[in-house]
Amino acid sequence: SLAEKLDGIFKRLKNRGRLTEKDIDATLREVKLALLEADVNFKAVKDFVSRIRVKSLGEEVLQSLTPAQQVIKIVNGELIQLLGGSRADLNRSPVPPTRILLVGLQGSGKTTTAAKLALLLKDNGQSPFLVPADMSRPAAVKQLLTVAAKAGVPAHSPTPGSSPAEIYRKAALEAGRSGSDTLIIDTAGRLHVDEELMDEASSLAAMVNPHDTLLVADAMTGQDAVRVAEAFHSRISLTGIIMTKLDGDARGGAALSMRSVTGVPIKFVGTGEALDGLEPFHPDRMASRILG
Amino acid sequence: FGQGAQIGRDQLEELEEALIQADVGMDYTVRIVEELGQVLGRQRAWTQEDIRGFLTAIIARAVGVGGRRRGMLSLLEGDAGGGSRQGKGTEVVLVVGVNGTGKTTTIGKLAHRFRKRGLRVLLAAGDTYRAAAEEQLEIWAERSGSLYHRGSEGADPASVVHDALSIALSGSVDVALVDTAGRLHTKEPLMRELAKIMKVASRVVEGAPHEVVLVLDATTGQNALVQARTFLETVGVTAVILTKMDGTAKGGILIPIAGELGLPISYVGLGEGLDDLVPFDPQAYAEALIG
Ligand SMILES: Nc1nc2c(ncn2[C@@H]2O[C@H](COP(=O)(O)OP(=O)(O)OP(=O)(O)O)[C@@H](O)[C@H]2O)c(=O)[nH]1
Ligand SMILES: Nc1nc2c(ncn2[C@@H]2O[C@H](COP(=O)(O)OP(=O)(O)OP(=O)(O)O)[C@@H](O)[C@H]2O)c(=O)[nH]1
Ligand SMILES: [Mg+2]
Ligand SMILES: [Mg+2]
């Protein structure tokens with residue numbers, strides 16, 4: 001682990017008397033390696049290391065009997081702050097319905113997350129309504145209708161051949177009639193470099209005018225995470241990120257990259273395939289996971 | 001670096017940065033840069049083009065270490081020395097990987113490729129778990145002109161595979177592509193289920209599964225290496241397919257995967273349609289990686 005590596009470095013350095021700047025740089029190299037191994041974006045790592053370098057050259061570290069622990073403390077503290085110090089909740093409309101739009105790359109977990117989110121809101125006393133706006137992936141609508149039924153949440157049944165905009169309009173009317181207070185819209189997976197699909201998402205967002213536009217992103221995403229988050233955020237103005245598949249062993253460095261580069265808060269994490277696998281995001285847990 | 005080498009410290013850092021950003025990982029980035037250094041170290045002044053050429057060659061060789069395609073997949077692509085399997089009964093290809101990487105879609109694409117060669121193909125709906133997984137595969141069977149078999153409601157995946165392969169044998173199917181549910185490699189009961197599916201397959205068709213294809217997502221970072229290691233260890237993988245290379249991710253993780261595990265990389269997915277699958281080309285991959 002990083003703590004053990006830093007301990008080892010400092011033990012070797014201790015015999016040479018007072019710690020120097022060069023000694024601290026040796027430990028910062030280990031921090032850099034740990035973060036890269038955790039899939040934190042290269043540039044984000046550079047920024048992070050220069051931030052903690054200043055703090056690591058302080059007297060608390062240089063004079064400490066346990067400098068490794070001090071550095072870990074600084075790293076951990078900085079990570080937690082960058083990941084989003086305070087809790088980020090969903091936005092709720094004072095006048096229903098609240099509208100939540102889910103977007104993201106192919107296979108990231110949007111459809112499953114839509115149903116999980118609906119169940120969470122339902123258990124919280126709200127009355128969510130699911131909108132399947134993915135008409136391109138084979139059996140995508142059936143998938144959402146199936147998980148909606150499992151969650152015990154009503155969903156719109158789209159007319160074959162309709163566009164996402166048409167589906168949304170009809171669904172909104174239907175939801176209104178059934179007294180639902182929250183609309184959760186699932187969209188097709190799309191590449192951030194697919195102009196046509198990004199335009200489609202952008203116009204859908206303009207039409208829906210969501211209270212939350214959430215990027216559903218896979219926890220195992222690598223260096224590309226920054227490019228993806230930036231592209232989605234610049235085209236569709238995100239209000240939050242949902243990081244999925246955290247029940248695996250991916251370190252999840254993408255969380256730090258996405259959050260620190262776009263400033264968009266991580267609101268939830270997906271922790272399993274079942275519909276109860278959605279939890280609020282905890283920066284401190286994510287920090288220790290990233291550090292390994 | 002040797003005298004006359006046209007590569008300064010800044011350029012070296014830029015190169016390291018490019019490889020890291022391509023998900024090659026620190027370990028293999030260092031190896032590649034060191035190898036480049038040795039090549040450039042000879043007493044000569046290299047041009048930028050020379051350096052690019054050397055680097056591309058190093059990367060192409062590194063990623064091709066596991067060889068390319070073998071067995072039926074090699075036969076499909078008409079690779080030299082691919083041998084012939086036709087008329088030898090049903091070839092069974094098991095497709096595995098973690099959730100959402102593109103297994104089901106890739107099966108559709110592979111089926112299409114086999115069908116274009118005039119082979120009889122059957123798609124087995126081994127994902128009995130995820131919502132609408134069977135319906136999704138059925139659509140790919142229709143699109144590719146393949147036979148399709150699914151189990152009854154709530155059937156056990158191993159029994160679905162058992163029945164599908166029995167049908168394939170009696171129906172003189174050339175290739176049976178078996179879809180499985182996405183599963184995180186960290187979930188032992190799910191990995192055991194996969195082992196059970198393989199055992200059942202071997203009882204129906206001799207030597208089955210003849211191929212175990214691990215489908216990896218190009219957007220995945222270092223965890224792809226862990227996935228490859230684990231799947232290889234627990235069920236044995238014979239080929240890798242890397243999907244979603246039509247995005248901006250460069251798939252650099254294939255280098256440590258090839259280097260450490262010696263796995264052949266057979267195809268690359270470049271989109272969501274039937275034709276969006278190309279045989280893996282180390283040279284093209286290397287050129288795209290260094291951009
Ligand atoms: N283990 C685990 N699997 C998940 C999680 N979230 C989603 N999945 C699985 O990931 C796979 C993809 O999920 P989908 O909901 O189909 O993803 P999607 O983003 O809607 O996919 P597209 O619509 O094709 O872009 C499925 O097998 C899900 O069961 C999670 O938090 N943990
Ligand atoms: N852009 C792009 N999308 C792809 C590619 N391969 C698959 N996809 C998309 O990725 C998403 C997930 O594909 P699936 O085939 O459902 O993935 P899977 O591995 O079977 O998913 P699970 O069974 O849920 O684990 C779908 O939206 C596919 O269209 C590819 O090469 N490029
Ligand atoms: Mg979906
Ligand atoms: Mg599938």
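Lettering of chains follows the sequences in order, A, B, ..., and the numbering in each one begins at 1. Predicted, not measured: the structure shown is a model, and the values here were computed from it.
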Flag side-chain contact, heavy atom, 4.5 Å: A/Arg190 against A/Glu196
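No, too far: nothing below the 4.5 Å cut-off.
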
Going by heavy atoms in the side chains, are B/Tyr285 and B/Lys250 under 4.5 Å from each other?
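No; the side chains remain at least 4.5 Å from each other.
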
Greatest number of heavy atom pairs closer than 4.5 Å to chain A - which of B/Arg143, B/Glu138, B/Gln21:
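If we count pairs closer than 4.5 Å to chain A, B/Gln21 comes out on top.
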
Considering only heavy atoms and a distance below 4.5 Å, find which of B/Leu184, B/Asn99, B/Val226 pairs most often with chain A.
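That would be B/Asn99.
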
Check each atom of [X] against the heavy atoms of chain B and say whether the ones under 4.5 Å are side chain, backbone, both or neither.
X        : value
A/Leu145 : neither
A/Asn41  : side chain
A/Lys46  : side chain
A/Arg251 : neither

Give a yes or no on whether a salt bridge exists between [X] and [Y], defined as a side-chain N under 4.0 angstrom from a carboxylate O.
X        : Y        : result
A/Asp134 : A/Lys110 : no
B/Asp156 : B/Lys196 : yes
B/Arg130 : A/Glu273 : no
B/Asp127 : B/Arg183 : no

Per-residue contact mode, B/Glu272 against chain A (heavy atom under 4.5 angstrom):
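For B/Glu272, the contact with chain A is made by the side chain alone.
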
Is it the side chain or the backbone of B/Asp246 that comes within 4.5 Å of chain A heavy atoms, both, or neither?
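Both backbone and side chain.
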
Choice from [options] maximising heavy atom contacts with chain B below 4.5 Å:
options                                : result
A/His192, A/Glu37, A/Lys150            : A/His192
A/Lys142, A/Lys245, A/Met220, A/Arg227 : A/Met220
A/Leu105, A/Thr221, A/Thr146, A/Val147 : A/Thr221

In Å, rounded to the nearest 0.5 Å, how long is the span from CH2 of B/Trp140 to OG1 of B/Thr104?
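Those atoms lie 10.0 Å apart.
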
Please step through side-chain contact (heavy atoms from CB on, under 4.5 Å) for the pair B/Tyr148 and B/Glu134, ending with a clear verdict.
CA-CA 10 Å; B/Tyr148 170 75; B/Glu134 289 123 325; 3.3 Å; yes

